[in-house]
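A quick write-up on the structure given underneath.
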Number of protein chains: 2
Amino acid sequence: MAEEDLGALLARSTRRVIAEERPLLDELDLSMWGYILLSRLSRAPAETQLALATAINYDKTRLIGLLDELEHDGLVTRRPDPKDRRARIVSLTPEGERRHAAARSAIKAMEDRLLAGASAADRRRLWRLLADLSDDSA
Amino acid sequence: MAEEDLGALLARSTRRVIAEERPLLDELDLSMWGYILLSRLSRAPAETQLALATAINYDKTRLIGLLDELEHDGLVTRRPDPKDRRARIVSLTPEGERRHAAARSAIKAMEDRLLAGASAADRRRLWRLLADLSDDSA
DNA sequence: TATTGTTATACTCTATAACTATA
DNA sequence: TATAGTTATAGAGTATAACAATA
C-alpha cells in the first residue's frame with residue numbers, strides 16, 4: 001500500500017489527542033481555548049489582548065467572550081495599562097495558575113500513556129520534528 | 001521552559017501542513033475533503049456512501065453535496081448496487097484517478113521539502129509513532 | 001420495521017464590518 | 001488619523017431531524 005499522507009496522519013493524531021484531552025478539561029471546567037489561553041499566560045502576562053490573540057492564533061473578536069468567561073470564573077484579570085489606557089494587561093490569578101497546573105498535569109499523564117510505547121529518545125526526536133514542522137518560517 | 005503540549009505541537013504541525021497543501025489542491029480544483037475522498041477511493045471503491053462517510057470520518061449528510069460536486073466534475077461515479085438497490089457504489093473515474101495521482105504527487109513533493117531535515121530512519125519512526133497515536137483502539 | 005440515500009433545518013464556530021474610547 | 005477593545009452581523013462548517021425508496 002502507498003505510504004500514507006503526512007497531513008492525514010497528523011490530522012488523525014491531533015483528533016485523537018484532543019479527544020483524550022476533552023474529558024480531562026471538562027473535569028476542570030475548562031474549554032480547549034481556555035486551556036490554550038491559560039497555557040500562554042502561564043509563561044508571561046499579555047501586554048495587550050491583541051498580542052494575546054495572535055500569540056495563540058485566535059480571533060481577536062472571539063477573545064473577548066473567552067476572557068469574559070475566564071474572568072468571571074476568577075482565572076484571569078484584565079487591568080488597564082497605566083501607560084496606555086486603551087490597552088488591557090491580561091494575567092493569571094493564583095486560582096488560574098492552579099487550574100492550569102492541574103490541567104497540564106492531567107494532560108501530561110495522558111500523553112505519557114499514549115506514548116508508552118516510545119523511548120525517551122523517540123520522544124525527543126518526535127518533539128523536535130514536530131517543532132520544526134510547526135515552524136512556518138522554515 | 002516547560003516541555004510543550006503534544007496536542008499543541010500536533011495541532012500546529014497539522015495547520016502548517018494543511019496550509020501548504022491548500023494552494024496545491026487549489027491548483028487542481030480540489031477541496032481538502034475532495035482530496036481525502038479521492039484518496040480513500042483510490043484504495044478501493046466504496047460499497048455504500050455510508051461506509052465511505054465513516055471511512056473518512058465525514059458526516060453522511062454532507063457527503064451528498066461533496067459527491068454531487070465530484071460527480072459533476074467527472075471524478076467519481078455513483079451507480080446503484082444491483083444486489084441492493086438502496087445502495088450506491090461510489091468509484092473513481094479514470095480522470096478521478098489521474099487527478100488524485102497528480103495531487104498526491106504534488107503533496108508528496110511538499111512533504112519531502114518539509115521533512116528535508118529528517119533522515120529516512122527519522123521519517124520511518126515518525127510515521128510509526130503517528131500511526132500508533134492515531135489508532136484510537138490503543 | 002430497519003436501512004440507504006436525501007433534504008430541510010438548526011446550531012456552532014469563525015470571520016467581517018462597524019462602533020467607542022483613547023492616543 | 002490611527003489603534004485597543006468591543007459589539008453586531010454575516011458566513012462557513014457541522015450536526016440533528018425528518019422524509020422517500022427499498023429491503
Side-chain angles (χ1 to χ4, degrees), chain A residues 7-8 11-12 14-16 18-19 21-22 25-26 29-37 40-41 44-72 75-91, chain B residues 7-8 11-12 14-16 18-19 21-22 25-26 29-37 40-41 44-72 75-91:
Chain A
R12 277 217 306 280
T14 305
R15 216 170 14 227
R16 168 77 192 287
I18 287 179
E21 285 183 1
R22 209 171 301 270
L25 293 175
D26 284 350
D29 263 309
L30 282 176
S31 67
M32 184 62 71
W33 279 114
Y35 172 65
I36 292 169
L37 193 144
R40 168 61 184 75
L41 289 182
E47 295 305 318
T48 70
Q49 296 184 186
L50 198 61
L52 181 55
T54 55
I56 65 173
N57 221 324
Y58 200 53
D59 193 89
K60 71 161 185 167
T61 65
R62 281 185 294 151
L63 187 70
I64 317 279
L66 179 58
L67 286 175
D68 287 346
E69 281 176 34
L70 293 171
E71 199 172 28
H72 173 268
L75 304 179
V76 306
T77 56
R78 274 187 274 210
R79 62 190 165 77
D81 183 342
K83 298 195 297 289
D84 180 347
R85 283 184 19 239
R86 289 173 306 181
R88 311 285 174 88
I89 299 173
V90 184
S91 35
Chain B
R12 277 217 304 281
T14 304
R15 218 172 7 230
R16 169 76 192 287
I18 287 179
E21 285 182 4
R22 208 170 301 271
L25 293 175
D26 283 350
D29 262 311
L30 281 176
S31 67
M32 183 60 70
W33 280 114
Y35 173 65
I36 292 171
L37 193 142
R40 168 61 184 72
L41 288 182
E47 294 305 317
T48 69
Q49 296 184 187
L50 198 60
L52 181 55
T54 55
I56 65 173
N57 220 327
Y58 200 53
D59 193 272
K60 71 160 185 167
T61 65
R62 281 186 292 150
L63 185 70
I64 313 265
L66 179 57
L67 286 176
D68 287 346
E69 281 176 36
L70 293 171
E71 200 171 28
H72 174 268
L75 304 179
V76 306
T77 55
R78 273 187 275 209
R79 61 190 166 80
D81 184 341
K83 296 195 298 289
D84 179 347
R85 287 187 12 242
R86 290 173 305 180
R88 312 285 174 87
I89 298 173
V90 185
S91 36

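Note that the structure is predicted; figures quoted are calculated from it, not measured. In what follows, every chain begins at residue 1, and chains take the letters A, B, ... in the order their sequences are listed.
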Under a 4.5 Å cut-off applied to non-hydrogen side-chain atoms, are [X] and [Y] in contact?
X	Y	answer
B:Thr48	B:Asp81	no
A:Tyr58	A:Ile36	no
A:Arg78	A:Leu70	no

Starting at atom [atom1] of [X], determine the distance to atom [atom2] of [N], rounded to an integer number of angstrom.
X	N	atom1	atom2	result
B:Asp59	C:dA8	CG	P	16 Å
A:Ile56	C:dT14	CD1	P	11 Å
B:Tyr58	D:dT16	OH	P	15 Å
B:Glu47	C:dT3	CD	C1'	16 Å
B:Leu66	D:dT14	CG	P	11 Å
A:Leu50	C:dA21	CG	C1'	16 Å
B:Leu63	C:dT7	CG	C1'	14 Å
A:Asn57	C:dC13	CG	C1'	15 Å

Minimal non-hydrogen separation, [X] against [Y], with atom names:
X	Y	value
A:Leu37	A:Leu67	CD1-CD2, 4.1 Å
A:Ala46	A:Leu52	CB-CB, 3.8 Å
A:Lys60	A:Ala53	CA-CB, 3.9 Å
B:Leu63	B:Gln49	CD2-O, 3.2 Å
B:Trp33	B:Asn57	CH2-O, 3.8 Å
B:Glu47	B:Ala87	O-CB, 4.3 Å

So for the helix from C:dT1-D:dA23 to C:dA23-D:dT1, with five pairs setting each end axis, what is the inter-axis angle to 10°? 10°
Walk along nucleotides 6-12 of chain D from 5' to 3' and tag each nucleotide B, S or - by protein heavy-atom contact under 4.0 Å, base first, then sugar-phosphate. BB-----
Please write out the pairs of protein N or O atoms and N or O atoms of nucleotides 21-23 of chain D separated by less than 3.5 Å, giving the distance to one decimal.
from, atom 1, to, atom 2, distance (Å)
D:dA23, OP1, B:Arg85, N, 3.0

Measuring from B:Glu69:CD to B:Ile64:CD1, what's the distance to the nearest 0.5 Å?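 So the gap between those two atoms works out to 13.0 Å.
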Around atom CZ of B:Arg22, are there more than 12 heavy atoms from other residues, nucleotides or ligands closer than 6.0 Å? no
Does C:dT14 have its OP1 or OP2 closer than 4.0 Å to a side-chain nitrogen or oxygen of A:Trp33? yes
